[in-house]
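For reference, the structure discussed in these notes is given below.
Numbering of ligands and ligand atoms starts at 1, following listing order.
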Amino acid sequence: MIIKKRDVEDIDEIIALTREAGYEPKHIIEVSKNDSNCYLTYGKLLRMKYIIEDSNIRKLCIYDQLKPRQFSCLIRELGVEVLDKVMLILKIFQMHAGSREAILQIELARLLHELPLIREWIRRSKLGELPGFLGGGRYAIDFQYEHIRRRIAKIRDELEELRKRRNTEREKRGYSGWIHVAIIGYTNAGKTTLFNALTNLNKPTGNEMFTTLTPKSYAIDVCRNSFNSKIVLIDTIGFIKDLPIEIIEAFKAVLEEIRNSDVLLFVIDASKNLNAIYTEINSVLEVLQSIGFEGKPMIIALNKLDLMNMDDNTSLSNLSYEIYKYLSYRNANIFNIVPISAYLNINLDILKESLCQAAQQLKNSANTYTF
Ligand SMILES: Nc1nc2c(ncn2[C@@H]2O[C@H](COP(=O)(O)OP(=O)(O)OP(=O)(O)O)[C@@H](O)[C@H]2O)c(=O)[nH]1
Ligand SMILES: [Mg+2]
């Protein structure tokens, strides 16, 4: 497995991802610079050749995004299967995909990723530099290329249909004055555990990454005393650091649920150290920006309170304050910060109260504009 030097601090997360995809990294090699043609510089390439022969390695995983020519160069030089970061994540997604939409989105992302690789392969085999793709000969590759293009168009059509249906359902709920709250956050932060705790549903949760791939909406009746409006909670897919843009693109329809929501309930695993928390906050905000997030009101749930190593309440309020400062610096529109344990149902009443207050404010401001 090859990782960039700047990713060394995330090595535990990278190994966890690799294992989840079903691989056990035998050797981990850091690279500080890469070659535009073959990704690995000449010296590293020689070293890799030696390791591959010596340890009988059959797969090389590069935790980075490769250019098509780097792919074909590595396969040609090393004679092993090459996997990059996008392929690794998609493999995990494939294992967890339950709904038709998630299955289609993952296939679309995989095909969009493969298309330029095949194009490069065609180019090189026409130049006589490479044999046919998967040993198939020149015409077989051309055929495969066309087949993938047609399949992409078909998947896009079907996803568009699903997206329209989802939009119609959302609009219907919007007209009845329901406030939409999307639960967002880093993978494994406890979003689904919180969704289950607030809805009394039993969606799968788990310690592995990307347990949730399909958003699930559910209306809850938590504001009965304050005003007569329902809140629709939406559980969403978790993010990771430097989520490749191709994957964000593939999940655009799902991420629209976030863009179209009124309030964001941002779940943060507060049992991690502050630097890890900052990294996770940045990763989430970056994805939100890339899907057109425009300063929606946010309620921050500092989750896993039961695992936090806090001697007294002072350190908890310090942590809340640090996170508040950090998010404000990043221009987040914070409505409230609530420390909770979704797993042990701690402070969920306070969180519900906050949700109702945010919903009430939104309704009031909407009324001001409408009438
Ligand atoms: N101790 C403790 N564990 C929690 C808490 N909330 C969630 N967990 C655990 O954290 C793990 C991840 O929880 P999920 O709810 O699946 O997390 P998620 O954010 O939905 O994850 P993805 O869908 O993969 O993005 C599970 O093992 C949960 O049991 C909590 O408050 N305390
Ligand atoms: Mg989940």
Side-chain angles (χ1 to χ4, degrees), residues 10 12-14 16-21 88-99 101-102 105-106 181-218 233-244 247-248 250-251 254-255 257-258 261 264-273 276-277 279-281 283-288 291 298-310 316 319-320 323 337-352:
D10 304 316
D12 291 344
E13 180 171 297
I14 295 172
L17 272 172
T18 316
R19 290 196 175 130
E20 260 178 54
L88 191 75
I89 295 174
L90 288 177
K91 183 131 198 276
I92 303 170
F93 279 8
Q94 219 160 352
M95 291 168 162
H96 293 183
S99 68
E101 192 170 13
Q105 274 158 348
I106 294 158
V181 177
I183 306 182
I184 58 157
Y186 210 73
T187 183
N188 238 347
K191 300 176 294 300
T192 307
T193 309
L194 179 60
F195 178 85
N196 286 342
L198 294 173
T199 56
N200 290 324
L201 294 179
N202 196 15
K203 275 192 66 195
T205 60
N207 216 1
E208 63 287 331
M209 296 165 185
F210 305 119
T211 310
T212 310
L213 287 182
T214 312
K216 166 96 183 155
S217 308
Y218 196 79
L233 273 185
I234 305 141
D235 185 22
T236 64
I237 180 174
F239 305 137
I240 59 162
K241 190 177 169 192
D242 298 329
L243 196 63
I247 290 182
I248 299 176
F251 279 83
V254 170
L255 296 173
E257 291 285 332
I258 299 177
S261 60
L264 301 177
L265 176 50
F266 186 175
V267 181
I268 294 175
D269 180 349
S271 67
K272 295 195 167 169
N273 70 50
I277 292 176
T279 305
E280 297 193 3
I281 289 176
S283 311
V284 172
L285 294 184
E286 269 165 27
V287 178
L288 291 181
I291 57 165
M298 257 186 200
I299 296 174
I300 314 294
L302 298 183
N303 191 30
K304 308 200 184 179
L305 184 61
D306 54 299
L307 295 181
M308 284 160 76
N309 218 352
M310 300 281 175
L316 181 58
L319 179 71
S320 302
I323 292 177
I337 298 194
V338 189
I340 61 158
S341 167
Y343 191 64
L344 295 183
N345 281 312
I346 302 174
N347 287 350
L348 295 193
D349 283 344
I350 305 176
L351 185 67
K352 284 179 194 168

For this session: Might you list the protein residues in contact with ligand 1, defined as having a heavy atom under 4.0 Å from one of its atoms, sorted by chain and number?
Result: Y186, T187, N188, A189, G190, K191, T192, T193, T205, G206, N207, E208, M209, F210, T211, T212, G238, N303, K304, D306, L307, S341, A342, Y343
For this session: Count up the protein N, O or S atoms sitting under 2.8 Å from the Mg ion (ligand 2), would you?
Result: 2
Validation row: [X], [Y] side chains within 4.5 angstrom (heavy atoms):
{"X": "I184", "Y": "L265", "answer": "no"}
{"X": "I281", "Y": "Y186", "answer": "no"}
{"X": "I234", "Y": "V181", "answer": "no"}
{"X": "L288", "Y": "I258", "answer": "yes"}
{"X": "F93", "Y": "I237", "answer": "yes"}

Exercise. When you measure from the centre of the six-membered ring of Y343, is the NZ or CZ of K304 under 6.0 Å away and within 45° of the axis?
Worked result: no
Exercise. In Å and rounded to the nearest 0.5 Å, what is the CD to OG1 distance from E20 to T187?
Worked result: 7.5 Å
Problem set entry | Side-chain ion pair, E280 and K272, N-O less than 4.0 Å | yes
Exercise. Going by atom types only, do T192 and T212 share a side-chain donor-acceptor pair under 3.5 Å?
Worked result: yes
